[in-house]
Amino acid sequence: MSELKKYPPSAAWMANAHVKGPAAYQALVAEAEADHEAYWGRLARELLSWKKPFTKVLNDSEAPFFKWFEDGLLNVSYNCLDRNIEAGLGDKTAIIFEADDGSVNKVSYSQLLAKVAQLANALKKRGVKKGDRVVIYMPMSVEGVAAMQACARIGATHSVVFGGFSAQSLRDRVQDAGAVMVITADEQQRGGKSLPLKAIVDEALEGGNCPTLKDVIVYKRTGGNIAWVAGRDLWLHELTASESNVCEPEWVEAEHPLFLLYTSGSTGKPKGVQHSTGGYLLHAALTTKWTFDLKPDDVFWCTADIGWVTGHTYISYGPLALGGTEVVFEGIPTFPDAGRFWQMIQKHKVSIFYTAPTAIRSLIKAAESNEVVHPKNYDLTSLRLLGSVGEPINPAAWEWYYQHIGGGNCPIVDTFWQTETGGHMITPLPGVTTLVPGSCTLPFPGITAAIVDETGNDVPNGQGGILVVKKPWPSMIRTIYGDPERFKKSYYPSELKGYYLAGDGAIRDAETGYFTITGRIDDVLNVSGHRMGTMEIESALVSCTDLVAEAAVVGRPDDTTGEAICAFVVLKRPRPSGDEAKAIAKQLRDWVAKEIGPIAKPKDIRFGDNLPKTRSGKIMRRLLRSVAKGEAVTQDTSTLENPAILEQLGQAY
Ligand code: 6R9
């Protein structure tokens, strides 16, 4: 790391940031170390408005089921909307919405509250109660954010499902959550095309296999043709038209579940990560304030989708809790051309921009092959801070982002965190941290991140190990919905001394102590910043029972998407080659897209007469990873029943 360039904070940043310089950071870390509970208690009182103040900060009597601020009462939507209006921000723009076609709609805090209250009243009238689960399957829209806020307002627990997931994935989530309602749209608009949403909901709910579900609420986004199930389907605009724009918030306990968000683990079906109300909102607000240094005049833009945790914390909750102005974007970075992001930064005078390395890498490629979309053609001088999330950012992409987007004077916050952590865990703070490209640097104050060995003992800096968090923190996952045992097993394995297991490997620099994330240590892949379990993709492949006998999935490095999915497949018919292999590979990709969603399509498909296995019958995944990378196989292959398959598997389709 010492050979990499370092970027210390400027004097202006140190003077003006919310956290002013290394000494201020050290003081916060020391305050948390001296009294973890007092530190978080102070911040919870300062950042959130409580209907009834809490008297107890942390209850660890049932660890690892930790409870934070448990006797306090609050409401997330009150904290994000009403209190800003009470503070005089009613006319301030909350959301600048830009649609796929470039049209813009600005919504003030008062207007957003009115929308949220009307929908909340409508949900109540349909019988949705505190604690009920509501699935949101929506395009990026003001309505999508409002739907989440409306659930929060009445104490319903939302579960947002990314609009790119298939009917099967949606059905699994509706069933697992026992949802009473799905809020969706007729269609979504992406890259100039209309894509179905309601039709996928119809398919997911076909055959009455979601018995808990009563209503489907439909936001009219495109006006496209859709089927209608009388008695179940309701138009959002009809439902809310006559509703009052006043709705008393439901005051809930701090531990009340605000949302479930399904994410991939190393085994089985995706798990419903359950988050709380108070602790979650505290960290959403606090990290937006300290990591992004959000100030009243900023225009904040997080390019994530509300279907991912980044969209939850840094679109639907954090910026609104602080009374900020944010951009919400419906489209894709390459439509109408790959200058879209830069053009939007210029148009809306975005000052804080938060995106994923995969987007940066693909836009670098685009800019290098087409002058017209090069960022130099746009006025990006409104920017003052850049952020990165979702996967490691390689130093070359970091440098390009810094020079070409940030003009060489915007700090980059490389934020490491997870669906389970609720908000940033390890990240630079602007005005504090000397940046080193490719490193997420140091823990957020109060987050006790550390690197240990398999038995939970600290490893010295310079030596890699397992990333853990030693003490609980307010926005941590509370449980896996419906499966507390899996929660314990996945995140608090007994050999790790009660530490939270992140599932990533990491190493600290010997000199600076900075963290670098080295990647997942389980069977989770990160493709374009999207998490996917290899087992999930394998089960999707083998569920194609007409064709597939056996399948194994591994990741391999990819210049643009970080990792690429590589599937090894044994068919129930003779191993294909040439055009036949290409056609079957396409068929299998389409199958996976239908089972999980297009993001899970394998990039490479390799066919073999069988798969390489150990004597005990275990698939030799390490060997497959070498094959996928195109590396020479160095593993012992003497136990292979059929050494010829190595050559067969060398060909990717
Ligand atoms: C927020 C989010 C979590 C996994 C995580 C890690 C990877 C996220 C990263 C990063 C290196 C960063 N990850 N941010 N790796 N540097 N700044 O992405 O949540 O979808 O749950 O993914 O993403 O592997 O464990 P989620």
Side-chain angles (χ1 to χ4, degrees), residues 29 32-33 36-37 39-40 57-70 255 257-267 271-276 278-280 282-284 286-287 309 312-313 389 415-427 440 442-459 464-481 483-508 515-524 526 531 533:
V29 172
E33 259 170 26
H36 195 65
E37 287 189 40
Y39 168 81
W40 286 115
V57 174
L58 173 65
N59 175 350
D60 59 5
S61 63
E62 289 163 52
F65 299 94
F66 297 100
K67 298 189 180 82
W68 287 87
F69 320 119
E70 63 180 320
E255 280 298 318
L258 176 64
F259 68 88
L260 310 179
L261 185 58
Y262 285 80
T263 191
S264 296
S266 37
T267 53
K271 42 197 180 185
V273 171
Q274 180 177 319
H275 276 287
S276 70
Y280 171 79
L282 168 59
H283 207 52
L286 182 66
T287 50
V309 75
H312 282 58
T313 306
V389 61
T415 59
F416 168 83
W417 60 296
Q418 309 175 293
T419 304
E420 294 87 342
T421 70
H424 303 154
M425 298 300 279
I426 308 179
T427 177
C440 53
L442 293 170
F444 192 87
I447 301 299
T448 51
I451 301 178
V452 300
D453 63 19
E454 286 79 12
T455 55
N457 290 317
D458 287 298
V459 301
I466 299 171
L467 180 66
V468 297
V469 185
K470 291 190 169 177
K471 292 183 190 168
W473 68 100
S475 65
M476 64 192 298
I477 172 177
R478 292 308 195 262
T479 189
I480 291 174
Y481 186 73
D483 202 346
E485 275 311 307
R486 188 172 172 200
F487 162 75
K488 269 209 275 196
K489 273 220 299 266
S490 308
Y491 302 107
Y492 284 92
S494 50
E495 62 280 11
L496 286 185
K497 303 185 169 172
Y499 300 159
Y500 167 83
L501 173 68
D504 283 285
I507 183 166
R508 298 187 74 160
F515 287 73
T516 294
I517 306 297
T518 51
R520 299 287 306 192
I521 53 172
D522 51 14
D523 292 321
V524 171
N526 192 325
R531 253 170 89 165

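- For the side chain to side chain contact (heavy atoms under 4.5 Å, CB included) test, no residue two or more places apart in sequence or in another chain qualifies with S494.
- Distance check: L260 CG to T419 OG1 gives 12.5 Å after rounding to the nearest 0.5 Å.
- With hydrogens and angles disregarded, no donor-acceptor distance shorter than 3.5 Å links the side chain of R478 to the backbone of Q274.
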Applying side chain to side chain contact (heavy atoms under 4.5 Å, CB included) to L501 and Y492, what does each step give before you reach the verdict? CA-CA 6 Å; L501 173 68; Y492 284 92; over 6 Å; no
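- Partners of E454 by side chain to side chain contact (heavy atoms under 4.5 Å, CB included), not counting sequence neighbours, listed by chain and number: I466.
- The ring pair (Phe, Tyr, Trp, His ring centres under 6.0 Å) test applied to W417 returns Y314, H424, not counting sequence neighbours.
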How far apart are the C-alpha atoms of D458 and K470, what are their side-chain angles, what is the distance that settles it, and do they pass the salt bridge (charged side-chain N to carboxylate O under 4.0 Å, His left out) test? CA-CA 11 Å; D458 287 298; K470 291 190 169 177; 3.0 Å; yes
Take Y39 and H36 through the side chain to side chain contact (heavy atoms under 4.5 Å, CB included) test and state the conclusion after the steps. CA-CA 5 Å; Y39 168 81; H36 195 65; 5.5 Å; no
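- Between P257 and Y481 there is no side-chain heavy-atom pair separated by less than 4.5 Å.
- Between L261 atom CG and E420 atom CD the span is 9.0 Å, to the nearest 0.5 Å.
- Between Y491 and the options Y499, Y500, F66, F65, a ring-ring contact (aromatic ring centres under 6.0 Å, His included) holds for only Y500.
- Summarising the geometry of I426 relative to A449, their closest heavy-atom pair is CD1-CB, 3.9 Å, with the distance given to 0.1 Å.
- Taking both residues in full, the closest heavy atoms of S276 and L258 are given as O-CB, 3.4 Å, listed atom of the first, atom of the second, then distance.
- One distance of note links CE of M425 with CG of L467; it measures 8.0 Å at 0.5 Å rounding.
- The main-chain N or O of W68 is found under 3.5 Å from a side-chain atom of E255 such that the two form a donor-acceptor pair.
- Under the ring pair (Phe, Tyr, Trp, His ring centres under 6.0 Å) criterion, F444 pairs with H283, W290, not counting sequence neighbours.
- When every heavy atom of T455 is checked against every heavy atom of L496, the shortest pair comes out as C-CD2, 4.3 Å.
- Here the closest non-hydrogen pair linking I517 and C440 is CG1-SG, 3.8 Å.
- Atom-to-atom distance recorded for F416:CZ and F515:CZ is 10.0 Å, nearest 0.5 angstrom.
- What you find for I480 and S490 is that their closest heavy atoms are CD1-OG, 4.3 Å.
- Every residue two or more places apart in sequence or in another chain that forms a ring pair (Phe, Tyr, Trp, His ring centres under 6.0 Å) with Y280 is listed here: F259, H275, Y317.
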Evaluate the criterion side chain to side chain contact (heavy atoms under 4.5 Å, CB included) for residue pair D483 and K488; output intermediate values, then yes/no. CA-CA 9 Å; D483 202 346; K488 269 209 275 196; over 6 Å; no
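- Listed here is the closest heavy atom pair of G279 and F69: CA-CE1, 3.9 Å.
- T421 contributes a side-chain N or O that, together with a main-chain N or O of G423, makes up a donor-acceptor pair within less than 3.5 Å.
- Atom CD of residue E70 and atom CG of residue L58 lie 9.0 Å apart, to the nearest 0.5 angstrom.
- A distance of 11.5 Å separates OG1 of T427 from CD1 of I447, quoted to the nearest 0.5 Å.
- No side-chain heavy atom of D60 sits less than 4.5 Å from a side-chain heavy atom of P472.
- Counting only residues at least two apart or on different chains, the salt bridge (Lys or Arg N to Asp or Glu O under 4.0 Å) pairs with a member in residues 491-505 are D504-R520.
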